[in-house]
S.K.: 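I am attaching a structure below and will ask some questions about it afterwards.
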Amino acid sequence: MSQIFTATADTRLRAALLVLLLAGLGAGLLVGGYMESSYATLVGWVRDQPVPFSHEHHVGGLGIDCRYCHTSVETSAEAGLPPTHVCMTCHSQLWTGAPMLAPVRESLARDTPLAWQRVARVPDYVYFNHAIHLDRGVPCVTCHGRVDQMPLMKRAQALQMEWCLDCHRNPAPRLRPPAQVTRMDWSDWDQHPERHALYGQMMVRLYGIQPSKLDDCGICHR
Ligand code: HEC
Ligand code: HEC
Ligand code: HEC
Ligand code: HEC
Ligand code: HEC
């Protein structure tokens with residue numbers, strides 16, 4: 001039987017197939033890279049705010065607890081953003097004439113809330129609840145990063161589904177005593193994983209957490 005293709009045609013065909021294969025692979029890597037890139041995940045994302053509020057100064061420097069401003073974080077789904085009068089408990093006496101704080105004074109005078117731009121968000125079809133996480137001892141820093149070192153708020157985690165599920169399937173090593181959830185730096189605890197491994201396992205049992213059920217779609221997509 002004679003050959004269908006000549007030798008050179010055969011080589012060309014092989015080369016063409018190879019190019020196609022590589023192009024496909026490259027496109028796959030590009031899409032994958034996009035999904036992982038900070039552009040898509042918004043990690044490190046900073047937004048223009050009406051006032052350049054600094055967590056670094058207020059939390060890291062002055063040592064104000066998160067719950068002073070995010071008052072509903074332990075009791076409801078939403079952490080909540082502080083109303084203007086909370087800023088004014090201090091700023092009616094401190095930095096009263098600072099131009100930087102003009103929008104805060106205006107907001108109080110006009111009785112209109114400051115229009116803070118949200119940084120940490122999940123899509124509307126995802127249900128999230130702060131209260132249960134804090135009650136079980138999941139610390140703010142795990143999801144929001146070292147807020148006490150942020151001159152401007154930026155996103156610390158992609159907040160994508162796989163990230164949520166990663167913890168839901170094995171929450172034990174991530175749990176702390178609930179009284180310590182707002183603490184940003186707790187290095188003595190972090191440096192002794194063997195101690196909290198035991199703590200986490202005990203708490204998972206005590207709270208009746210069932211990791212096998214924590215990845216049911218209906219928990220987050222209601
Ligand atoms: C418990 C007191 C307190 C509260 C509450 C408070 N601040 Fe401040 N704020 C301060 C002090 C003290 C400084 C000066 C910090 C410094 O210079 O280190 C400051 C500084 C600032 C500055 C100047 C820039 C900077 O970060 O140094 C801005 C802007 C500001 N605060 C905005 C706000 C806003 C907005 C709120 C409400 C969401 C608020 N503050 C709530 C005490 C407070
Ligand atoms: C003095 C008040 C104050 C304190 C204390 C404070 N925050 Fe905030 N926080 C704010 C204000 C005002 C905003 C909105 C402006 C911004 O994003 O910077 C905010 C925004 C945030 C956001 C971004 C929310 C979003 O989706 O835009 C996170 C996350 C956050 N705070 C976490 C924390 C944590 C964790 C602590 C404690 C370690 C803390 N905050 C302490 C006032 C405060
Ligand atoms: C298990 C992860 C997780 C923990 C722990 C956590 N957060 Fe959040 N936080 C989120 C997610 C996810 C969102 C976005 C929610 C949304 O878009 O509905 C969010 C949103 C916020 C917001 C924006 C306003 C709001 O009401 O949603 C603030 C402020 C905030 N968190 C503060 C805190 C503080 C303070 C703590 C600790 C006391 C904390 N968070 C602990 C995941 C977490
Ligand atoms: C670091 C660990 C951790 C991360 C990250 C985390 N969770 Fe959770 N989540 C928990 C724990 C622990 C519980 C408590 C489970 C229990 O007590 O049964 C919980 C419970 C929940 C519940 C309540 C379940 C119920 O039975 O009502 C919802 C909803 C939820 N998580 C959504 C989310 C979403 C959405 C994300 C991601 C944006 C997320 N979680 C990220 C640890 C985590
Ligand atoms: C612990 C919470 C959690 C659970 C459980 C969960 N999801 Fe999600 N899901 C999310 C979050 C958060 C997002 C948003 C992802 C983003 O913004 O990138 C999401 C997004 C999605 C999307 C949109 C497309 C995408 O992938 O971004 C689909 C479809 C989806 N989930 C299906 C499911 C199904 C099916 C299950 C059950 C097998 C499930 N989810 C369980 C948290 C959860």
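Count residues from 1 along the sequence. What's counted below: heavy atoms across the whole structure, side chains too, no hydrogens, waters or symmetry copies.
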S.K.: In terms of ring plane angle, is the pair H130 and H144 parallel, tilted or perpendicular, where the classes change at 30° and 60°?
M.R.: parallel

S.K.: If we only count heavy atoms from C-beta on, is the P171 to H168 side-chain gap below 4.5 Å?
M.R.: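 Side-chain contact under 4.5 Å: no.
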
S.K.: Given side chains that start at C-beta, do those of M153 and V147 come closer than 4.5 Å, heavy atoms only?
M.R.: yes

S.K.: Between S54 and H57, is there a donor-acceptor pair closer than 3.5 Å when you use the side chain of the first and the backbone of the second?
M.R.: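 Indeed, once roles are kept as given, a pair shorter than 3.5 Å links the two residues.
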
S.K.: Does R67 use its side chain to pair, donor to acceptor, with the backbone of T71 at less than 3.5 Å?
M.R.: no

S.K.: Backbone N or O of A98 within a donor-acceptor pair of the R105 side chain at under 3.5 Å?
M.R.: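 Yes, because the side chain of R105 sits within donor-acceptor range (under 3.5 Å) of the backbone of A98.
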
S.K.: With hydrophobic residues grouped by side-chain heavy-atom distances under 4.5 Å, do L101 and L81 end up in a single group?
M.R.: yes

S.K.: Scan side-chain atoms only and decide if S107 and T112 contain a donor-acceptor pair under the 3.5 Å cut-off.
M.R.: no

S.K.: State, yes or no, whether a side-chain contact exists between I209 and P211 at a heavy-atom distance under 4.5 Å.
M.R.: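 Yes, side chains in contact.
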
S.K.: For the CG atom of L108 and the OG atom of S92, what is their distance to the nearest 0.5 Å?
M.R.: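 So the CG of L108 and the OG of S92 are separated by 9.0 Å.
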
S.K.: Looking at every non-hydrogen atom in both residues, tell me the closest pair between M184 and C140 and how far apart they are.
M.R.: CE-CB, 4.1 Å

S.K.: Is C164 close to F128 at the side-chain level, that is, under 4.5 Å between some pair of heavy atoms?
M.R.: no

S.K.: Same cluster or not: M100 versus V104, using hydrophobic residues (I, L, V, M, F, W, Y) connected whenever any side-chain heavy atoms lie under 4.5 Å apart?
M.R.: no

S.K.: Should we count CG of D48 as having more than 12 external heavy atoms under 6.0 Å?
M.R.: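 Not buried by this count: 12 neighbours or fewer within 6.0 Å.
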
S.K.: Atom CD of Q191 and atom CH2 of W186: how far apart are they, to the nearest 0.5 Å?
M.R.: 12.5 Å

S.K.: When you measure from the side chain of H192 to the backbone N and O of R195, does any donor-acceptor pair fall under 3.5 Å?
M.R.: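 The answer is no, because no donor-acceptor pair under 3.5 Å joins these two groups.
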
S.K.: Nearest heavy-atom pair of D135 and P178: which atoms, and what distance?
M.R.: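 The answer is O-CG, 3.5 Å.
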
S.K.: Hey, are the side chains of N170 and C167 touching, using non-hydrogen atoms and a 4.5 Å cut-off?
M.R.: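 No, too far: nothing below the 4.5 Å cut-off.
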
S.K.: Are any non-hydrogen side-chain atoms of L175 and H133 less than 4.5 angstrom apart?
M.R.: no

S.K.: Are V46 and V51 connected into the same hydrophobic cluster when the rule is that any two of I, L, V, M, F, W, Y join if their side-chain heavy atoms are below 4.5 Å apart?
M.R.: no

S.K.: Do any N or O atoms from the side chain of H70 and from the backbone of C66 form a donor-acceptor pair under 3.5 angstrom?
M.R.: no

S.K.: Among side-chain atoms of Q180 and W189, is any donor-acceptor pair under 3.5 angstrom?
M.R.: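 Looking only at side-chain atoms, W189 and Q180 do not form any donor-acceptor pair under 3.5 Å.
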
S.K.: How about D65: does its CG atom have over 12 heavy atoms from other parts shown lying under 6.0 Å from it?
M.R.: yes

S.K.: Does either side chain, that of Y68 or that of T182, offer a donor lying less than 3.5 Å from an acceptor on the other one?
M.R.: no

S.K.: May I ask you to test the Y125-C220 pair for a side-chain heavy-atom distance under 4.5 Å?
M.R.: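 Y125 does not reach C220 side chain to side chain.
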
S.K.: Counting only N and O atoms by type, is there a donor-acceptor contact under 3.5 Å from the side chain of R155 to the main-chain atoms of R121?
M.R.: yes

S.K.: Could you see if V43 belongs to whatever hydrophobic cluster contains M161? Use Ile, Leu, Val, Met, Phe, Trp, Tyr and a side-chain cutoff under 4.5 Å.
M.R.: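 No, V43 and M161 fall in different hydrophobic clusters.
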
S.K.: Calculate, to the nearest 0.5 Å, the distance between atoms CH2 and SG belonging to W95 and C90 respectively.
M.R.: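 Going from the CH2 atom of W95 to the SG atom of C90 covers 13.0 Å.
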
S.K.: Indicate yes or no for a side-chain donor-acceptor contact from R118 to the backbone of A120 under 3.5 Å, with no hydrogens or angles considered.
M.R.: yes

S.K.: Parallel, tilted or perpendicular: which one describes the rings of H55 and F53, with boundaries at 30° and 60°?
M.R.: perpendicular

S.K.: Can you tell me how far apart CE (M88) and OG1 (T96) are? Round to the nearest 0.5 Å.
M.R.: 9.0 Å

S.K.: Is there side-chain contact between L114 and Q49, with heavy atoms separated by less than 4.5 Å?
M.R.: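 No, too far: nothing below the 4.5 Å cut-off.
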
S.K.: Let me confirm one number: the CD-CG distance from Q157 to L42, rounded to the nearest 0.5 Å.
M.R.: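 Nearest 0.5 Å value for the CD-CG distance: 12.5 Å.
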
S.K.: Is the centre of the Y127 ring less than 6.0 Å from the centre of the H221 ring?
M.R.: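 No.
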
S.K.: If I take atom CG from residue D148 and atom NE2 from residue H58, how far apart are they, to the nearest 0.5 angstrom?
M.R.: 14.0 Å

